[in-house]
Amino acid sequence: MANVLIVKNLSIQFRGLAAVSGYALSLEKGAIFGLIGTNGAGKTTVFNMLTGALVPDSGTIAFEGKDITGHRPDRIAKRGIARTFQNLRLFSGISVLDNVLVGAQLYKHYGYFQGILGLPAARKDEAALREKALELLEIMGLADFASREAGSLPYGSQRRLEIARALATRPKLLLLDEPAAGMNPKESLELMETISRIRERFGVTVLLIEHDMKVVMNLCERVQVLCYGKIIAEGTPTEIKNDPQVVEAYLGRSVRHA
Amino acid sequence: MPRKPSATTLRGIGGVAVLAAALFVMNLTLPDYYLRIVNLIGINIILVASLNLTNGFTGIFSLGHAGFMAVGAYTSALLTIAPAQKALALPQLPLWLAGISLPFPAALVAAGLLASFAALLIGFPVLRLRGHYLAVATMGFLVIIRVVLTNAESFTRGARGISGLPVFTNSWWVFGIAVLTLYLLRKLVTSAYGRGMIAIRENTVAAEALGIPIARYRLIAFCTGAFFAGVGGALLGHLMSVISPNFFSYSQTFLLVEISIIGGCGSLTGAVVGSLIMTLLPEILRNFEGGGELFGIALPPMYGLSQIILASLLIVIIIFRPQGIMGTKEFSWSMFGKKRELKKG
Ligand SMILES: Nc1ncnc2c1ncn2[C@@H]1O[C@H](COP(=O)(O)OP(=O)(O)O)[C@@H](O)[C@H]1O
Ligand SMILES: [Mg+2]
C-alpha cells in the first residue's frame, strides 16, 4: 500500500531546547495511527510542523510524494492535510454551521466580484456548500446545533465541531490532537465509533494524538511513542503495551487512569 | 424556502421606498443647515460601514481611513473641477489632467479605485503586522498622505487646499450610495470571503489551518474598505466644496473609529446606528452650549459641554458595552419574531 506521508529526520528547537529531534513517520493510506507520549513530549509540535504552523529546523515532510516542508499552513490545508487543536480553536463567535462553512470554502467556485455583487453564481455555490456542511454536521451529530453560536456548545460537542470543520476541507490526512480530552467515557466511546466511521466513509488517513489508552488501543493499528522529543517505540498497540521501555517511560504512570 | 428571499427583497424595496419618501420630504421642508447634517449622517454611514469591514469583521485595527478619504477627495476634485477653473487655481497641473472634466459618478468610481490602489500599496508591507503595530503603521500612512498632499503643490495647492469643488453632493447621491454600500458590504460579509475574514478575526491560526490565505483576505478587506472610504471622502469634498490636508487627519480618523466602536464595529447595522447617534447628538447638544431654557429651567452657557458628553458616552460604552450598541448583530426582520422562536426551542 502507498504511503500518504513520509517524514524523515524532523527536528526543531525552542531557544536551544530540542522539542522534537530525528522524528520519522511513514503513514499508510487509510491507516489510523496513534501518537502517544507524556505531556511536553513534543506531539503537538510534530502536528505544528506537519501543518506548516511551525517550520522545522531540519528534516523533510513528503505528502503524497511531494515535499511540503515549511510550506504555508493554508497551502498545506489545500493539499489535503487538516487538523484539530488540543486547546480548541473554534470560531466561537459565529454559528456552528458557519464554522464548518469556513472549512468548506476551499471548494467555492465564485470570485470576489460575484460575491460582493451577490450574483446567482455565488448564491448557487453557497447553497451547495451549505448542503455539504449540514451533511457533515449530521454525521458528527451536531445537526441540531447548526444555528447555535459555536462557543455556546458543550465541551464535547465543541471537540466534535472541530473535527467536522476539519473534515469540511475534504482532507486526505486528518490530524486529531487529543480529540477525547475532557470527554466522559461514554462520549469518548462514541467518538471512537465516529472516527472509525469517518475513515470508512471518507477514506481518510488518521494520525491521532491521544492520552486515553483505551481509545488508542481500540482504534489504532499502529502506535508511536514519543518521549522528550524522540521516538522510543513504534508498533502495534499490543507490542507497545508490552515494551518495557514504554512501560517505564509512559504507561507505568498513566495505566492507572486508563 | 424559495419564497423567503423574495420576501426579504420586497422588504428591502419597501425600506428603500420609505427612505426615498423621507428624503423627498426633508428636501422640501428642511433648511440647508439641517439637510447638511442629514447628508453627513449618510456619508458617515458609508465611511464607518467600510471601516467596520477591516476593523470589525476582519480584525485589522486600521487608523488609516482618513488617508483613503483624502485620496478619494483629491482624486475626485482634480477630475471634476472645470478646466477653466483649474487653469487659474492649479496652473502647473499636467496637461492631461488640466483638460479633464469627468461626470460625478465617474469621478466617484475613480476616487474609490485610487484609494483602493493606495491600500494595495501600503497593505503589502503593513498587513503582516499584528494588533497595535498595525494600528501605528496605518497611522504612519496618514502622516505620509498628509506630507504628500502638503508638498505636491502643483496638484494640491499644498496646505492652502483646493476650493471650488463643484457641489454635486446631495442627499440623493449620499443615501443612494450609502444604501448601495451597505448592500454590497452585506453581500460580501455573508459570502465565503466575508466568512473567511470573520474567521481570521475569530482565530487566525485556525483560519489558516483550514486553508484561508490570511494575507490575501486581509488585503481584500483593506482594499474594499479603502474603496468606500475614497468614495465617502469624495462625497464629503463635493459637499463642503473645500478640501485641505488638515481636514483628513487624525481627528477625522478618530471620529470614525469612535462611531464604529459606539455602534458596534462587527456590524453594518452598528455603522448606521452609530452614525445616526454620533452625527445628531453633537448638533443637539451644541444648541444647549450657549445657554437657554429647557422645560422652563434657565441654563447657563456651557461651552465644550457637547464634547464632554460625547467623550463620557464613549467611556461609558467602552466600560459597560465594549462590543458597542450592536456588537456583531445585524438588523433583521426576524428580530421581532425571535421570542416565539425561543419558546419553541
Ligand atoms: N511555540 C513554542 N515555543 C516555545 N516552546 C514550545 C512551543 N511549542 C511547544 N513548546 C515546548 O515544546 C515542548 C513540547 O511541547 P508539545 O509539543 O506541546 O508537547 P505535547 O503536545 O507532547 O504535550 C514543551 O516543552 C513545550 O513547552
Ligand atoms: Mg499537546
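This structure is a prediction, so every number in the text was calculated from the model and none was measured. Just the heavy atoms: all of them, side chains too, but no hydrogens, waters or symmetry mates, feed the values below. Letters go in sequence order (proteins before strands), and every chain restarts at 1.
The residue among A/Ile94, A/Leu101, A/Asn99 with the most heavy atom pairs within less than 4.5 Å of chain B is A/Leu101. In terms of heavy-atom pairs under 4.5 Å with chain B, the best-connected choice from A/Lys108, A/Lys78, A/Gln114 is A/Lys108. The candidate from A/Glu162, A/Glu126, A/Arg75, A/Arg79 with the greatest count of non-hydrogen atom pairs under 4.5 Å with chain B is A/Glu126. Counting heavy-atom pairs closer than 4.5 Å to chain B, the top-ranked of the candidates A/Ala82, A/Gly115, A/Ala168, A/Ala104 is A/Gly115. When A/Asp98, A/Ile76, A/Thr84 are compared by the number of non-hydrogen pairs under 4.5 Å with chain B, A/Asp98 comes out ahead. The choice from B/Asn203, B/Leu188, B/Thr190 that makes the most heavy-atom pairs within less than 4.5 Å of chain A is B/Asn203.
For the residue pair A/Ser11 / A/Asp57, no side-chain donor-acceptor distance below 3.5 Å is found, with atom types taken as modelled. A donor atom on one side chain and an acceptor atom on the other are found under 3.5 Å apart for B/Ser50 and B/His65.
The neighbour count for B/Arg321 CZ, taken as heavy atoms of other residues, nucleotides or ligands under 6.0 Å away, is above 12.
For A/Arg199 (side chain) and A/Gly30 (main-chain N/O), a donor-acceptor pair under 3.5 Å exists by modelled atom type. Listed for the B/Arg186 side chain is no donor-acceptor partner under 3.5 Å among the backbone atoms of B/Leu268.
With a 4.5 Å cut-off on non-hydrogen atoms, B/Leu184 touches chain A through its backbone and its side chain both. In this structure, the portion of A/Thr169 lying under 4.5 Å from any heavy atom of chain B is its side chain and not its backbone. The parts of B/Thr224 that come within reach of chain A are both its backbone and its side chain, each placing non-hydrogen atoms under 4.5 angstrom from that chain. If you measure heavy-atom distances from A/Tyr112 to chain B, the contacts under 4.5 Å come from both the backbone and the side chain.
In this structure, the separation between CD1 on B/Ile220 and OG1 on B/Thr54 is 13.5 Å, given to the nearest 0.5 Å. To the nearest 0.5 angstrom, A/Lys43 atom NZ is 14.5 Å from A/Leu175 atom CG.
Between B/Phe104 and B/Trp173, the ring planes lie perpendicular to each other; the angle is over 60°, past the 30° to 60° tilted range.
Listed in order of number, the residues of residues 109-120 of chain B that approach chain A to under 4.5 Å between heavy atoms amount to none.
Using a cut-off of 4.0 Å between Lys/Arg side-chain N and Asp/Glu carboxylate O, A/Arg165 and B/Glu202 are scored as not salt-bridged.
Note: B/Phe222 and B/Phe68 meet the aromatic proximity criterion, with ring centroids under 6.0 Å apart.
A/Phe145 does not carry A/Arg160 over the face of its six-membered ring by the limits of under 6.0 Å from the centre and within 45° of the normal.
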